[in-house]
Each structure stands twice: as C-alpha cells, then as structure tokens.
Amino acid sequence: MTTSPPASVAQSLAAPKPITPASQLAMGSTAATEIADSMSHPELAELAALAARRGRLAALLTTIMMIGYFGFIGLVAFAKPTAGTLLAGGRVSVGIVAGACVIVLAPILTSIYVRWANRHYDVAVRRLRGGKA
Amino acid sequence: MNALTLLTAVGAEATKEAVKTAKAATSLGQPNVTAIAFFFLFVSITLGITYWAARRTRSTREYFAAGGSLGSVQNGFALAGDYMSAASFLGIAGLVSMSGFDGLIYSVGWLVGWPVITFLIAEPLRNLGKFTFADVLAFRLRQRPVRIAAASGTLTVVTFYLIAQMVGAGGLIHLMFGLSYKVAVVIVGGVMLLYVLFGGMIATTWVQIIKAVLLLMGATLLAGLVLSRFGWNPLELFAAARDRYGSAVLAPGKLVASPLEAISLGIALMFGTAGLPHVLMRFYTVPDAATARRSVALATTIIGAFYLVTFILGFGASVLVGRETINSVAAGGNMAAPLLAEALGGTGFLGFISAVAFATILAVVAGLTLSGSAALSHDLWNHVVCKGQSPEHEQLRIAKIATVILALLAIGLGILFKDENVAFMVGLAFAIAASANFPALLLSMAWKKFTTRGAVASMVTGTVSAVVLILLSPPSGSTSCTTPPPSCR
C-alpha cells in the first residue's frame, strides 16, 4: 500500500502539473503514480479501466444516495401532508418511515462500496502491480 | 452536531407551546456525586493514555496521523467519536422531544454526508494527502495560493466550531454540575490541551474511542429502558406521543418554513460533513486505503444506529418526562436526555449520562484543535512560509505552539462569546465547510481543467459568501433565543 505521500507532493512545490494518466490513476486508485509510470501499456490500460469502473460505481451509489436523501428532503419541503400521513393504525407517519429508511440506506450503500473496493478493486490493483515486478 | 444547534426555530415554537411551570423536581444543576466520580475516572484514564501516547509521539506523522498505525475498528470508532458531539446526543434528543418529527431531518442530513465522503473523496484524499485536505489540492495546483486558501477555510471552520463547542460546554456543564460557566470552559480547554499537546493524534484517538463507546452504551441503555415500557415496540412509543401531543408530532413541523429552506438546509448538512477538516484528517491515521474504507463504513453504521437511538430517546422523553418539565429546566429541550435518564435510572444514571456528555465535548474539541494545528503547522508554516523545507522537529514544535494558541483562543472566545447563539456559529461552520472546502476538494479531483485561480476563487467566494450571508440574514437561531436560557448561549 502507498501510505507514504506520493512523490508528487514533494514535487508540487514547483509549477502546476498537467494531469497525466498516472496522476489520474492516483486520484482514483491505490496505485501510486510512480508505479503507474513504470507500467507497460496493456497494464496501464487495464488499470485505467479499473479506475473507470470504480468511478462508475461511486457515481451510481452517490446517485442512489442523493435520490434517497433529496427524496426525503423533497417530501418534507414540497409534500408536508404526505409526509404526515399516518400508517400502521396511526402509530407512525410516512415521513418517519422514509427518514428511517434513508438512515438505514447510508451504511448499506457504504458497505457495498467498501466490500467491492476491498475485495475486487484492491486485489486487481495489487495483481497489476505484482505483474509489473 | 452541535447540541445546541437545535435550539433554533423549533425550540422557540416549542417554548411558546410549553407551559412554564415551576422548576421540575430534578437534581440537575446540583453537584452529582456519580457524575463527578465518572468524570474524574474518565479524565484520569484518558490522561494516563496521554502519558503513554506522549512517548509514542515523536514525529509529525505520529503527532497528526498516529503514525498511520490505527486499525479499522479503532479508526471507525474514533471517526464516530469525532462526529457525535454532545449536540447530536443532547440536541437531537431535545429537538425530537419538543417537536417530534423535525429532529429526524437533522439526523438524516448529518448521516448522508458519510457515503458521499466514501464514494467521492476517500480515495484521492488517501492517495494524495499526508495530513490535510490541502495536500490534495496542492497535488496538481500551485502550492502556496491553494494552501493559504484551504488553511484559511479550515481555520475558519475550526474556530467557529470550537467556539460553539466551548460555549455549549460551558452552558451544559453549568446546568449539569452547577459549576460556573467560566470554570467549565477553562476545565474543558485545559484538559483538551493536555491531550492534544502531549498525546497528539494517538491520545485524541483513544479519547474519542472511549467516548464513542460510553456514548453508545449510555444511549442504548437509555433507549432500552424506554422501549421496555412500550413492549419493545417503537410504534407503541410513537402512538403514546401522538395520544399526548396530537398527530402533528409525527409530521413535519415548523423547522423548515419553505421548500427552499428545506433544500438549502439539506445541502448544507450533507456537504458540510464532507468538508469538515477534523473528519477528513482521519483518513490519514490508518495504514492503507482498505482500512480507511472499512473504518468509514463502520463509522457510518455506528452514527446511523446512534441517530435512530436518539430519535427513540427524544420521543421517550416527551412521553415519560413531558415537554413542560423538559422545557422548565432548559428551553429548547437540551436536557431531555439527562432528564429521561434521571426519570428511568435515578440520580446515578443521570450522573453517568452527564459525565458522558462532558467526555463527548472534550473528545470533539480535541479533534478540532488537532486539525487546526495541522493547518497552521503543515500547510501554512511548512509549505507556505518555509516552502516545504522546514525540518521535522521544527514542524512538530510549531504544531505544539499552534495547539497552545488554539486552546487559549478556544477558551478566550468561549468566554467572550458566552451570550452568542451556538446554533448561529455551528450553522456558520457547516455553511463554510459546505461552500468553501467541499466544492474545491471535489472539483480538484473531478474536473481536469480546474486551475489554481479557480480553486482559490471558489474557496474565497465560499468562505466570504457564507460569512456575509449569515451575518446579513435574520438568523432563526437568534430570534428563538430572545431570552437566552443558559444552554442557548
């Protein structure tokens, strides 16, 4: 793992740098720039595809979270009577159920992402890095 | 997050509704032997840990990031401990007890920032940074301008958040222990300074872990006591609240007057979380990205569960203690949870919950101070003043000087701003975090053509517009506190 600051942090004392494929990868992957720099083309392409897949999953999950959350906020903002509609024999309201669902949704989505990233993404990055050596 | 945040509009409405009765029969405000015993136990254990941690804190990486040595469970609890302030606990429980449903809006909003952090900024933060989020901006933008802007944003957020916590601490401790306001502020600032100055991130982390465990235990136990009276069915509890206060208690109330307000509040809560420097800093305290991700997932779960529990506590207090009684002790309902503890578990349990609230504030101010110290030492001193050439021991010395300055500042401003509305300053801190820190951070990762000038402009505009707009607007917080109760200051 790349716990040490990438070389780039030290370098960046100088002028702004353009985004290279390597720096893009570092932004979305555990592979540090210097690793990507020393990779062959097919590996680099595979790593880029992997980073893109991570980006798509992150975007999808963010969208789901936003829809859930702003759906709840929208319910409170634009449909107060609906939010106040009673359910279950008048013992709970639509708004409370919706809010509780959003609270439960957040850790579920986070866990899905973390599971994928730790089990597939990191493993694939590590395999590509191993291939380099 | 701030307890006292929640004393705002809804608190005011509730105050009007509530009948002002004579001070309820409670031992709150008198020195409580159990509370003092628990508090001393907590402080001695944590200072013992600080002594142990001090010997492991020799480099800046150890001071700011615990040497990157924490496990995912440790860091997950510490993240939750950083985030769950006395406010989430006392404030949301109080808001729910006074107005029912509306408290849920804050709970939901304060949770949904976490998945966003995980999906969008965790990886780059982890890969490109060392101690602060400015490291990420400086990765491909010009160092000095972006670091100055990012450090200013961080310090502004930290300062307002610190003042809010200190002012809240003074008020709460005054209420709970009967100590004078100034003494309470000095104690919190002094103990916090010992943790951060000598123990750095390692001591701060353990303070946060212990606090998170105590807070979860206390809140869960209390919620269990509540639910045991309602056949372990939350629906029966809601029904009892509805029978007593009408079905409005289960519906959106007066917290958000217009749709625009609701959406604006929603955005600030969500993205404010993602721009809080002391939360972002915790990505650097673990050895690798996988551990960082696991710890955020754990923190999200803990915080989500905690907010559900708090919702139960609020309803429990409104039914089992009653709004009139809660309001007679402190307007706005901040004392709902301690009163509930007293009603269900006696003075001993009240003492435990009070001590936990004190510990909670200590842990949060420690995390805030450390992140402010990192901005001053790492961003401003090392990278801006010394152009990255400052030797290690000098950076550490500057960090410790910065910690002392921030602690004195927090104590001084806490006393100076005694009568300021806490909600106002927490609102400011969240608004700045959401409009200054988060957009620049996100765009520097997502937008290839983002330039240094654009980053600085976005951070300056965010900070200035948030501060100016809040100063110019009629703050709902201040109108609700025309006659500030102790906890409202």
Side-chain angles (χ1 to χ4, degrees), chain A residues 1-3 5-6 8-10 12-13 15-19 23-24 26-30 32 54 57-59 61-62 65-66 68-70 72-78 80-81 83-86 88-93 95-96 99-100 102-104 106-107 109-111 113-114 117-118 122, chain B residues 68 101 104-105 107-109 111-112 114-116 118-120 123-124 126-130 135 138-143 235-236 238-239 242 247-248 250-252 256 258-263 265-266 270 287-290 293-294 296-297 300-301 304 307-308 311 383 387-388 445 448 451-452:
Chain A
M1 291 298 100
T2 59
T3 52
S8 42
V9 172
S12 50
L13 288 169
K17 290 182 303 298
I19 291 197
S23 66
Q24 261 180 292
M27 291 182 164
S29 84
T30 46
R54 194 206 67 84
L57 180 68
L61 293 172
T62 306
M65 193 68 249
M66 294 281 190
Y69 176 54
F70 285 101
F72 171 73
I73 293 290
L75 189 68
V76 174
F78 297 104
K80 279 192 185 182
T85 309
L86 295 177
R91 293 180 299 174
V92 73
S93 65
I96 291 182
V102 178
I103 290 187
V104 173
L109 292 181
T110 312
S111 303
Y113 174 81
V114 170
N118 285 7
D122 277 3
Chain B
F101 175 86
L104 193 59
I105 300 173
S107 302
V108 172
L111 183 65
V112 291
W114 287 86
V116 173
T118 319
F119 305 149
L120 299 183
E123 307 290 325
R126 177 69 222 173
N127 293 326
L128 306 181
K130 194 178 176 196
D135 293 337
F139 174 65
R140 70 181 172 95
L141 301 175
R142 278 213 322 280
Q143 285 264 6
L235 297 187
E236 295 304 325
F238 298 151
R242 186 208 56 202
S247 56
L250 302 179
V256 283
S258 70
L260 198 64
E261 260 178 44
I263 290 165
L265 176 69
M270 184 180 213
D288 54 51
R293 294 187 202 110
R294 269 199 304 273
V296 192
T300 311
T301 311
Y307 283 152
L308 290 177
F311 197 60
H383 284 286
K387 305 188 175 170
M445 302 163 188
K448 288 181 191 178
T451 62
T452 303

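Residue numbering restarts at 1 for every chain, and letters A, B, ... go by the order of the sequence lines.
- In terms of non-hydrogen atom pairs under 4.5 Å with chain B, the most contact-rich of A/Thr62, A/Val102, A/Ile96 is A/Ile96.
- The salt bridge (Lys or Arg N to Asp or Glu O under 4.0 Å) check on A/Arg91 picks up B/Glu236, with sequence neighbours excluded.
- Residues A/Val114 and B/Val296 are not in side-chain contact: their nearest non-hydrogen atoms beyond the backbone lie 4.5 Å or more apart.
- B/Ala297 and A/Thr110 make their closest contact through CA-CG2, 3.7 Å (heavy atoms, listed as atom of the first residue, atom of the second, distance).
- Between atom CZ of residue B/Arg293 and atom CG of residue A/Asn118 there is a gap of 5.0 Å, rounded to the nearest 0.5 Å.
- Heavy-atom minimum distance, B/Gly266 versus A/Ile73: CA-CD1, 4.1 Å.
- Within the model, atoms CD1 of B/Ile263 and CZ of A/Phe78 stand 4.0 Å from one another, a figure rounded to the nearest 0.5 Å.
- Interface remark: A/Leu61 contributes backbone and side-chain atoms alike to the contact with chain B (heavy atom separation under 4.5 Å).
- Highest contact tally toward chain A, considering only B/Pro252, B/Gly304, B/Ser258, B/Ala239, is held by B/Pro252 [criterion: heavy-atom pairs under 4.5 Å].
- With a 4.5 Å cut-off on non-hydrogen atoms, B/Ile105 touches chain A through its backbone and its side chain both.
- Each of B/Ser107, B/Ala248, B/Ser247, B/Gly109 has some count of heavy-atom pairs under 4.5 Å with chain A, and the biggest count is that of B/Gly109.
- A donor-acceptor pair under 3.5 Å links the side-chain atoms of A/Ser93 to the main chain of B/Leu250, judged by distance alone.
- Here the shortest heavy-atom pairing between A/Pro107 and B/Leu111 reads CD-CD2, 4.4 Å.
- Using a 4.5 Å cut-off between heavy atoms, B/Arg242 touches chain A through its side chain atoms alone.
- In this structure the side chain of B/Leu104 reaches within 4.5 angstrom of the side chain of A/Ile103, judged on heavy atoms.
- Side-chain N or O atoms of B/Tyr307 include none that pairs as donor or acceptor with a backbone N or O of A/Ala100 at under 3.5 Å.
- Contact count versus chain A (heavy atoms, under 4.5 Å) is highest, among B/Leu308, B/Thr300, B/Leu265, for B/Thr300.
- Among the candidates B/Leu235, B/Leu260, B/Thr451, the residue making the largest number of heavy-atom pairs closer than 4.5 Å to chain A is B/Leu235.
- The shortest distance between side-chain heavy atoms of A/Tyr69 and B/Val108 falls below 4.5 Å.
- Applying the ring-ring contact (aromatic ring centres under 6.0 Å, His included) test to B/Phe311 and every residue at least two apart in sequence or in another chain returns B/Phe238, B/Phe315.
- The aromatic rings of A/Phe72 and B/Phe101 lie tilted to each other, with the angle between the two planes from 30° to 60°.
- The structure places CE of A/Met65 at 10.5 Å from OG1 of B/Thr118, a figure rounded to the nearest 0.5 Å.
- Side-chain contact between A/Leu57 and B/Phe119 is absent, with no heavy-atom pair separated by less than 4.5 Å.
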